[in-house]
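All remarks here apply to the structure that follows.
Small disclaimer: the values here were computed from a predicted structure and weren't measured.
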Amino acid sequence: MKKVSLFVRAMGLALLAATGASAQYNPKASYEGPAKLNTWSVSVMGGPTQFFGDLREYDFYPVSKTSSDSYSERKSGFFGVAVGKQLSHLFGLQLDGQVGNLVGMKRRLYYSYFRSNYIQTDLTGSVNLKSLLFGINKMKRWKIDAYTGLGVVFFKSTAYELGTGRVRRWTKTNNGDGILRDAKYEKDWAIPVGLAVNYELSSRFDLGLDFRMTNVNTDRLDATIGGNSSSYFDGYGTRGQFDNSFERKGESNLDKLGYVAVAVTYKLGKNAIKVQKVNGKYEYDTTKGTYHLRWTDPKNLIKPPVILTLEQIDSVAKANRPKDIDPRLLMDTDNDGVSDYFDRQPNTPAGSIVSGAGEAIDFDKYVSAALPGIACAEILTNVAFDTDKNIIKPEYYDMLNKVVELLNKTQCRLQLSGHADRRASDRYNIALSRRRVEAVKNYLVKQGLNDPNRIIIDYFGSFKPIGDNSRAGLTKNRRVELKLVP
């Protein structure tokens with residue numbers, strides 16, 4: 001019992017260490033890559049069970065045959081299902097349930113055997129001892145887990161006399177009146193401790209052996225309370241009446257049950273793959289699918305940085321060196337804004353209006369071709385305004401409509417400059433000239449100008465007069481100038 005207690009304590013410390021490690025080591029946080037890891041699995045298991053308690057004949061070898069004074073202890077087994085969640089590569093949780101039966105006998109003192117049906121469910125935490133002790137790449141296909149946890153066991157048991165088969169003891173009856181009826185299930189806490197060895201068969205299936213010992217917080221698993229006095233186990237109290245309450249604990253240790261099971265594990269998740277060995281080394285390729293955290297340390301998915309030598313750096317630089325730039329791209333002989341590499345007429349006169357290919361453009365012909373019958377002089381004109389007004393007179397509508405038509409057929413820009421006469425303060429004249437130029441722009445936009453962004457606006461107040469202070473001169477100064485810009 002002391003050895004079991006020490007082992008349970010050691011397992012508890014190991015689980016606490018693993019839990020702390022998993023809290024500091026988050027796979028998602030430590031691996032910054034495109035791949036994720038599958039973490040869920042489902043296992044089915046089954047195998048023989050063994051009882052450890054008062055009604056057991058030998059410590060190590062179960063009785064194998066039934067006779068007049070013995071009963072075979074090899075008629076017991078179980079079946080179970082477990083759901084596993086891998087929290088990190090080293091630490092995982094399992095929730096499992098088992099249905100099974102137990103058989104045991106004892107000639108000396110008790111001269112009884114028992115049969116028990118039980119249901120057990122528990123939550124256990126496991127530590128990956130193989131990776132913890134040997135590393136991830138050694139014994140790559142093997143996984144050795146030590147685990148412990150806490151659970152509940154439900155059981156109903158009946159004890160019989162050897163040879164005759166007479167019922168001697170049983171767990172709770174329906175009404176407690178001492179009359180033998182079908183036993184009811186009792187429940188108590190259980191602490192499982194075990195070791196699981198698994199082998200990775202494929203990307204989906206693992207095959208394993210599970211060795212478990214479950215410490216149950218009861219002395220009634222075999223329907224017998226142990227001791228050296230028959231009143232502790234035969235069901236009769238001091239008054240000679242049948243007593244099946246088992247309220248008094250005997251002098252023996254608590255009962256235990258164990259098993260050796262074969263387990264098949266199915267690893268859940270999408271696009272499951274397992275690591276492959278290439279040229280004597282295990283290589284991880286996350287583009288082919290998703291690995292499982294049971295078998296993969298996320299740190300292995302991080303590709304180590306490649307450190308290039310000076311020769312390699314020089315080779316990469318030479319391989320990626322761009323072609324030399326044609327010097328004609330940097331030259332503009334005629335200073336027309338088009339480099340000689342693209343300029344079809346590299347010797348155009350200074351101030352010439354050129355196309356994107358550097359060819360000189362006759363701007364007047366260009367305008368006449370866009371709107372036959374309209375000369376440049378008609379476009380480069382003024383829109384006059386009345387005193388202190390920014391209302392466009394009807395006499396300018398036709399001209400402005402032609403400007404809209406010209407701009408929509410060409411890529412030219414239009415420069416609008418607003419002006420005023422001198423019969424007000426400079427601040428007022430600036431604001432008035434601005435209102436006049438915006439009135440012309442708004443009119444052009446309303447008449448269907450496709451791209452208003454091609455209009456350039458300036459306003460100068462009375463600072464750029466073209467007439468004197470006479471009545472005729474002041475009339476000339478109240479204007480908006482329209483200038484077509486290539």
Side-chain angles (χ1 to χ4, degrees), residues 3-4 6-31 33 35-41 43 45 82 84-94 96 124-149 192-213 260-267 269 272-286 288-304:
K3 293 181 179 180
V4 173
L6 290 174
F7 182 73
V8 171
R9 291 180 182 178
M11 283 298 303
L13 292 174
L15 286 178
L16 287 175
T19 306
S22 66
Q24 298 177 2
Y25 175 60
N26 186 345
K28 294 181 179 179
S30 62
Y31 175 54
K36 294 182 179 179
L37 294 170
N38 295 326
T39 58
W40 291 92
S41 61
S43 303
M45 63 196 76
K85 170 66 175 179
Q86 204 69 26
L87 301 181
S88 74
H89 178 63
L90 297 179
F91 181 71
L93 293 176
Q94 297 81 36
D96 59 71
T124 58
S126 62
V127 178
N128 189 338
L129 295 181
K130 195 278 296 183
S131 293
L132 187 64
L133 298 178
F134 304 107
I136 182 65
N137 290 322
K138 194 146 188 187
M139 300 171 61
K140 183 66 178 178
R141 303 301 180 194
W142 293 92
K143 186 174 187 288
I144 304 174
D145 290 332
Y147 65 88
T148 186
V193 179
L195 188 72
V197 180
N198 287 274
Y199 182 80
E200 188 178 24
L201 294 176
S202 67
S203 60
R204 287 294 186 185
F205 290 97
D206 300 339
L207 181 64
L209 286 176
D210 191 354
F211 306 88
R212 174 182 288 199
M213 179 71 72
V260 178
V262 176
V264 177
T265 300
Y266 180 79
K267 291 168 284 190
I273 57 174
K274 70 174 184 176
V275 63
Q276 301 296 328
K277 201 170 188 178
V278 180
N279 298 326
K281 294 183 179 180
Y282 291 103
E283 294 187 358
Y284 297 85
D285 187 358
T286 56
K288 295 181 178 179
T290 307
Y291 297 99
H292 202 286
L293 193 54
R294 280 169 58 92
W295 300 94
T296 306
D297 190 338
K299 292 185 292 186
N300 289 344
L301 301 181
I302 303 175
K303 300 297 182 182

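In this structure, the separation between OG on Ser43 and CG on Asp206 is 8.0 Å, given to the nearest 0.5 Å. Put simply, CG on Leu133 and CE on Met139 are 10.5 Å apart, with the number rounded to the nearest 0.5 Å. If you take CG on Leu129 and NZ on Lys143, they are separated by 9.5 Å, rounding to the nearest 0.5 Å. Note that CG of Asp210 is 9.5 Å distant from CG of Asp145, once rounded to the nearest 0.5 Å.
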TODO: Could you please spell out the steps behind the side chain to side chain contact (heavy atoms under 4.5 Å, CB included) verdict for Val275 and Trp295?
DONE: CA-CA 9 Å; Val275 63; Trp295 300 94; over 6 Å; no

Task: Verdict with supporting geometry, His89 and Thr296, side chain to side chain contact (heavy atoms under 4.5 Å, CB included) - done: CA-CA 7 Å; His89 178 63; Thr296 306; 5.5 Å; no

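Counting only distance, with no hydrogens or angles, the side chain of Lys267 and the backbone of Ser202 share a donor-acceptor pair below 3.5 Å. For the pair Lys130 (side chain) and Gly135 (backbone), a donor-acceptor distance under 3.5 Å is present. Formation of a donor-acceptor pair under 3.5 Å by the Tyr147 side chain with backbone atoms of Leu93 is not found in this model. No donor-acceptor pair under 3.5 Å is formed between the side chain of Thr265 and the backbone N or O of Phe205.
Between Lys299 and Ile136 there is no side-chain heavy-atom pair separated by less than 4.5 Å. You'll find the side chain of Asn128 stays beyond 4.5 Å of the side chain of Ser88, heavy atoms only. Between Leu201 and Val264 the shortest side-chain heavy-atom distance does not fall below 4.5 Å. With contacts defined as side-chain heavy-atom distances shorter than 4.5 Å, the pair Val262/Leu209 qualifies.
The two atoms that bring Thr148 and Pro192 nearest to each other are OG1-O, 3.0 Å, heavy atoms only. Residues Met45 and Ala82 approach most closely at CE-CB, 3.8 Å, considering heavy atoms.
When each of His292, Arg204, Lys288 is checked for a side chain to side chain contact (heavy atoms under 4.5 Å, CB included) with Ile273, only Lys288 meets the rule.
Side-chain contact, Gln86 with Ser41: no donor N or O sits under 3.5 Å from an acceptor N or O. Side-chain atoms of Asp297 and Tyr284 form no donor-acceptor pair, as typed in the model, at a separation below 3.5 Å.
Under a cut-off of 6.0 angstrom, the local environment of CZ in Phe134 is sparse, with at most 12 non-hydrogen atoms contributed by other residues, nucleotides or ligands.
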Check: residues 276-283 side-chain donor-acceptor pairs under 3.5 Å, at least two apart:
residue: Gln276; atom: NE2; partner: Lys274; partner atom: O; Å: 3.3

